[in-house]
Amino acid sequence: MDAVDLTTWLAVAVFVAVYVLIATEWVHRVAAALGGAVVMLLIGATDPEHAFFSEHAGIDWNVLFLLLGMMLIVAVLQRTGIFEFIAVWAARRARGRPYRLMVLLTVATGFLSAWLDNVTTVLLIAPVTVLVCRRLGLPVVPYLIAEVMACNIGGAATLIGDPPNIMIGSRANLSFNDFLVHMTPVVVVLMIVFVLMSRVMFRKAFRHDPERAASIMEMNPRDQIRDGRLLLVSGVVITAVMVCFVLHTWLHLEPSVVAISGGLLLLAVSRLRPQDVAKDVEWETLAFFAGLFVMVGALVQTGVIGRLGEAAAEATSGNLPATTMALVFGSVVPSAVIDNIPFVASVNPIVAEIVEASGGAGEAGVLWWAFALGADLAGNATIIASSANVVVIGIAEREGHHISFWQFSRYGLIVTAVTVSVAALYLWLRYFALA
């Protein structure tokens with residue numbers, strides 16, 4: 001066995017070991033991820049140049065600064081009382097009914113995530129969820145899990161809804177309208193399926209308390225606003241940030257630049273002490289992402305991820321329907337084990353070759369939609385499969401609500417299996433059976 005093969009096998013062993021530590025919670029997930037990153041550097045699976053400066057095989061600074069910028073915005077925004085306002089409003093609209101409240105929050109989350117990125121959506125919605133659940137005496141964890149899953153589903157609908165979609169759109173030269181036509185219809189179907197599944201999966205969380213519900217109905221949402229001036233300033237900055245997100249391709253500005261600029265600008269004009277705001281930033285989440293990126297980058301650098309993609313391509317070469325099903329289902333396992341962002345970045349070129357070999361972007365364009373759906377929907381499988389999942393886990397932990405790896409996966413694996421199967425059936429009917 002030569003040195004290259006040995007390093008590759010060691011990299012896989014380190015990743016599996018870290019994954020086991022995260023899943024079993026024998027070691028805190030941040031310590032496990034950072035420790036794994038250090039070991040990857042020590043064994044030569046990656047090097048500082050790739051780990052810290054490579055776009056596809058190291059820390060994705062765009063993601064980290066996007067997260068940091070939005071965390072700063074949320075940290076300032078929560079001091080205005082707007083989250084309490086929305087919590088009371090949502091509880092009143094649901095009339096205190098637990099399932100009705102979950103439907104309202106998940107549908108709103110799914111809709112927002114189609115137009116904002118997933119991480120921004122959960123950063124805005126999760127604090128509201130914690131507050132409204134406390135007001136109604138409901139368990140917080142099931143609602144947070146349901147929301148982040150709706151976020152991952154809804155984000156698949158548009159080009160800008162999920163980072164993997166942006167990467168796929170760029171590689172395949174797909175427009176915003178292309179995603180609307182091909183992805184939005186199936187996402188609407190999947191959201192309906194998920195809302196119905198939630199009624200069964202989270203039924204133990206639907207404990208109606210008539211007294212709390214009555215008390216919430218007597219509250220005036222406007223009374224929750226604590227700082228009108230700061231709310232107005234925050235609204236202007238957030239609106240500008242969202243407009244820039246939508247127009248970032250025309251403005252030639254990365255979403256990370258938009259987010260960090262907005263966060264620092266809002267911090268500057270808020271008149272708040274920076275050290276107080278910094279305390280509310282999820283630094284542990286950012287550190288976890290950094291470690292995870294280095295580990296996954298090592299797998300990219302050693303060729304592990306690329307070989308998996310090539311093997312899947314060879315198994316179904318020449319058969320477009322079979323290749324489509326292989327992509328939608330085959331993208332699930334690796335996207336569930338590693339974050340779907342580095343997975344898509346690594347396999348994107350392979351899919352491009354498959355599409356070209358299958359006849360180009362015309363008839364074979366369905367392969368891109370299969371790839372996007374598999375990668376996006378697999379984000380619900382485990383806590384580390386999607387950036388939004390990691391952020392929600394961090395927010396829950398900060399609020400005193402621990403969500404374990406298996407607690408999340410117990411629901412996530414079921415949701416992923418059902419939604420991916422429905423998506424595969426949709427693709428088969430639309431592009432082959434009824435074409």
Side-chain angles (χ1 to χ4, degrees), residues 30 52-53 55 58-80 82-83 109 112-128 148 151-152 155 158-167 227 230-293 339 341-342 386-395 398:
V30 177
F52 304 129
F53 303 107
E55 183 179 356
I59 296 175
D60 192 329
W61 295 105
N62 284 319
V63 172
L64 292 190
F65 278 99
L66 171 64
L67 285 170
L68 177 57
M70 296 311 301
M71 286 176 179
L72 287 173
I73 290 174
V74 172
V76 173
L77 194 60
Q78 70 183 8
R79 287 164 168 77
T80 67
I82 187 61
F83 293 138
T109 302
L112 285 175
S113 66
W115 304 100
L116 309 176
D117 68 276
N118 289 354
V119 170
T120 301
T121 300
V122 295
L123 281 171
L124 294 173
I125 294 292
V128 174
V148 75
C151 187
N152 288 324
T158 68
L159 174 67
I160 61 174
D162 205 5
N165 287 6
I166 296 175
M167 291 186 288
D227 192 331
L230 185 56
L231 178 59
L232 178 62
V233 172
S234 300
V236 172
V237 173
I238 291 173
T239 300
V241 168
M242 298 311 165
V243 170
C244 290
F245 275 159
V246 174
L247 301 177
H248 76 93
T249 53
W250 291 277
L251 297 174
H252 302 292
L253 289 174
E254 288 292 334
S256 56
V257 175
V258 174
I260 195 65
S261 299
L264 293 175
L265 174 62
L266 184 56
L267 178 61
V269 300
S270 67
R271 301 175 185 171
L272 297 171
R273 294 180 359 135
Q275 56 266 44
D276 292 336
V277 176
K279 292 177 183 177
D280 292 329
V281 171
E282 300 289 336
W283 297 109
E284 286 188 358
T285 299
L286 297 177
F288 178 74
F289 269 121
L292 194 62
F293 277 131
D339 189 283
I341 294 175
S386 164
S387 303
N389 300 357
V390 177
V391 172
V392 165
I393 298 300
I395 293 174
R398 190 181 188 89

Taking side-chain contact (heavy atoms from CB on, under 4.5 Å) as the test, write out the residues that go with S270, two or more places apart.
-> V76, L230, L267, L272

Are any side-chain N or O atoms of W283 and backbone N or O atoms of A278, one a donor and one an acceptor, separated by less than 3.5 Å?
-> yes

Measuring from L123:CG to M71:CE, what's the distance to the nearest 0.5 Å?
-> 5.5 Å

Looking only at non-hydrogen atoms, find the nearest pair between P127 and V74 and report the distance.
-> CG-CG1, 4.4 Å

Between N165 (side chain) and T158 (backbone), is there a donor-acceptor pair under 3.5 Å?
-> yes

N152 versus S386, side-chain donor and acceptor atoms under 3.5 Å = yes

Decide yes or no for Q78 and D280: does some side-chain heavy atom of the first lie under 4.5 Å from some side-chain heavy atom of the second?
-> yes

Between C151 and T109 the two heavy atoms that sit nearest each other are CB-CG2, 3.7 Å

Considering all heavy atoms, the nearest V390-F288 contact | CG1-CD2, 3.4 Å

Donor-acceptor contact present, side-chain W61 to main-chain F53, <3.5 Å | no

Mind checking what makes side-chain contact (heavy atoms from CB on, under 4.5 Å) contact with L112, not counting sequence neighbours?
-> T121, I125

Do V233 and L266 touch side chain to side chain, with heavy atoms closer than 4.5 Å?
-> yes

Taking all heavy atoms of F293 and all of L64, pick out the closest pair and write down the distance.
-> CE1-CD2, 4.5 Å

About how many Å separate CG of L253 and SG of C244, when rounded to the nearest 0.5 Å?
-> 6.5 Å

Any V281 side-chain heavy atom under 4.5 Å of L286 side chain | yes

Any donor-acceptor N/O pair, T80 side chain to L77 backbone, under 3.5 Å | yes

Spatial distance of atom CZ (R79) from atom OG (S234) [nearest 0.5 Å] = 10.5 Å

Please answer whether the main-chain N or O of G155 pairs with a side-chain N or O of S113 as donor and acceptor at a distance below 3.5 Å.
-> yes

